[in-house]
2 protein chains.
Amino acid sequence: MKVLIVDDDKLVTASLKTILESDEDIEVVGTGNSGKEAVDLYMKLRPDILLMDIRMDEMTGIEAAETILKREGKAKILFLTTFSDDEYIVEAFRIGAKGYILKQNYESIVPTVKAVHMGQRVFGDEIITKIPALLSNSANKQGMEEYCLTEKEIEIIKHVANGLSNKEIAKALYLSEGTVRNYISVILEKLGLRDRTQLAIFYYKNM
Amino acid sequence: MKVLIVDDDKLVTASLKTILESDEDIEVVGTGNSGKEAVDLYMKLRPDILLMDIRMDEMTGIEAAETILKREGKAKILFLTTFSDDEYIVEAFRIGAKGYILKQNYESIVPTVKAVHMGQRVFGDEIITKIPALLSNSANKQGMEEYCLTEKEIEIIKHVANGLSNKEIAKALYLSEGTVRNYISVILEKLGLRDRTQLAIFYYKNM
DNA sequence: ATCAATATATGACAAATGTCACTATATTGA
DNA sequence: TCAATATAGTGACATTTGTCATATATTGAT
């Protein structure tokens with residue numbers, strides 16, 4: 001498994017390299033120190049995983065990731081940060097990063113990289129619990145309107161993700177079927193999905 | 001990480017407890033000795049992981065797991081057994097267990113529990129290779145006919161689980177839309193599901 | 001060569017789904 | 001208090017989905 005590490009602190013890249021290479025399955029194919037380098041190196045080296053700091057000068061990790069994902073939608077990008085920051089989580093989440101872990105938690109880095117390589121999406125436990133709340137509340141930054149799901153909407157999503165029909169959801173939540181249809185219509189629009197099946201998939205992948 | 005252990009052999013629960021608690025991340029919050037206890041204790045203690053024997057009197061592990069998953073769909077249940085038994089694997093797999101490991105292989109228990117806790121699904125190496133075969137071929141035991149999925153059917157399931165419409169699947173597989181509808185109809189019947197959304201959910205839970 | 005099974009397809013149909021425009025009420029925050 | 005917002009509803013509509021009966025071509029086994 002080929003990993004590219006990008007962090008503007010060279011001490012961090014160096015120690016991450018050591019940690020990761022202590023695992024025989026992992027090969028660090030390069031390190032960089034800026035968002036720009038991240039993009040260039042990613043394109044040149046085509047690693048399986050890009051492990052990148054979220055805060056860097058010039059170009060933030062988020063911007064770099066967006067650029068990369070625009071060119072290579074399947075890129076597996078994992079963010080590193082020294083603290084848990086709601087804005088960043090939502091952003092990382094929104095642009096399609098595979099995960100987000102705290103640098104502090106060094107022991108979890110190797111298993112997380114491996115899990116991502118296996119196709120998992122790994123948001124740290126302390127973070128994954130926040131995602132529904134993040135989606136429903138706050139998130140007033142630009143371009144985030146479409147992610148503000150209400151309590152009720154989340155409740156409905158859960159029912160869809162349990163395989164219930166509109167009629168069944170209506171019964172369960174004491175709403176009319178038409179109302180449920182409307183809710184789902186709004187949810188799909190907010191999340192940019194087409195139908196309830198994609199919604200269920202979204203739920204299992206991201207929530 | 002809170003773990004609940006259930007096995008009708010008290011020696012087993014005791015030794016598992018010792019093994020698991022040798023890891024500082026793991027706390028064994030309870031032990032039980034029957035399927036019934038598994039359900040009661042699970043509901044009371046809400047552990048992160050339920051590690052349960054698959055063969056027990058009164059209520060088998062499978063039944064207990066089904067009961068629990070009906071109430072708490074996100075429960076992480078990991079089965080233990082002393083031998084590798086195809087029937088059980090398929091069952092554990094079908095009802096949405098997170099994994100299945102052999103008691104023999106004591107060293108693998110801690111890492112497996114951790115991986116499951118991190119959201120992985122872990123079926124032992126000797127077992128995971130069998131799953132596609134189990135789903136597509138063989139499985140001649142009673143009540144198993146409905147699990148014989150053909151290659152094509154599996155291919156279609158994957159497309160459904162990627163959120164494609166019938167039209168899109170038809171295009172991708174060079175079939176007519178009607179044919180795709182027919183395939184899906186058959187798949188749903190075989191798996192006892194009602195619609196494509198439930199199929200996508202089934203896929204993410206079991207495949 | 002024939003028979004049975006398999007894969008693919010049609011058409012008809014009912015039900016479910018998603019969209020849209022519009023209405024009504026209650027709450028709330030300025 | 002007024003306006004905005006959240007919540008819930010209706011009806012109409014086009015589309016998609018799932019079911020079923022049926023048809024045809026291919027193929028593997030006898």
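Letters go in sequence order (proteins before strands), and every chain restarts at 1.
For the pair A:Lys190 and A:Glu153, the salt-bridge criterion is met [side-chain N within less than 4.0 Å of a carboxylate O].
One interatomic measurement links the two molecules: CG of B:Leu199 to P of D:dT19, which rounds to 11 Å at whole-angstrom precision. Taking atom CD of residue B:Glu151 and atom P of nucleotide C:dT8, one finds them 12 Å apart after rounding to whole Å. Between A:Gln198 atom CD and D:dT16 atom P the separation is 13 Å, expressed in whole Å. Atom pair B:Ile187:CD1 and C:dA7:P shows a separation of 12 Å (rounding to whole Å applied). Put simply, NZ on B:Lys152 is 9 Å from P on C:dA9, counting in whole angstrom units. Atom-to-atom, OH of B:Tyr183 to P of D:dC20 comes out at 18 Å; the value is rounded to the nearest Å.
Each of A:Arg196, A:His159, A:Arg181 was checked for a side-chain hydrogen bond (donor to acceptor under 3.5 Å, both in side chains) with A:Asn166, and the lone residue meeting it is A:Arg196. The side chain to side chain contact (heavy atoms under 4.5 Å, CB included) with A:Ile156 is formed by just one residue from the set A:Val186, A:Leu199, A:Ile184; it is A:Ile184.
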Protein-proximity profile, nucleotides 16-29 of chain C, B/S/- by nucleotide at the 4.0 Å heavy-atom cutoff, equals SBBBB---------

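Atom NZ in B:Lys152 sits 6.0 Å away from atom CG in B:Leu173 (nearest 0.5 Å). A:Ile187 CD1 to A:Ile157 CD1: the interatomic distance, rounded to the nearest 0.5 Å, is 4.5 Å.
For C:dT10, the OP1/OP2 oxygens have a side-chain nitrogen or oxygen of B:Ser176 closer than 4.0 Å.
Searching all strands for a Watson-Crick or G-U wobble partner of C:dG29 with both distances below 3.5 Å returns D:dC2. Here D:dC20 sits opposite C:dG11 as a Watson-Crick or G-U wobble pair (both hydrogen-bonding atom distances under 3.5 Å).
Within the structure, side-chain hydrogen bond (donor to acceptor under 3.5 Å, both in side chains) pairs that include any residue of residues 29-43 of chain A comprise A:Lys36-A:Glu58 (at least two apart or interchain).
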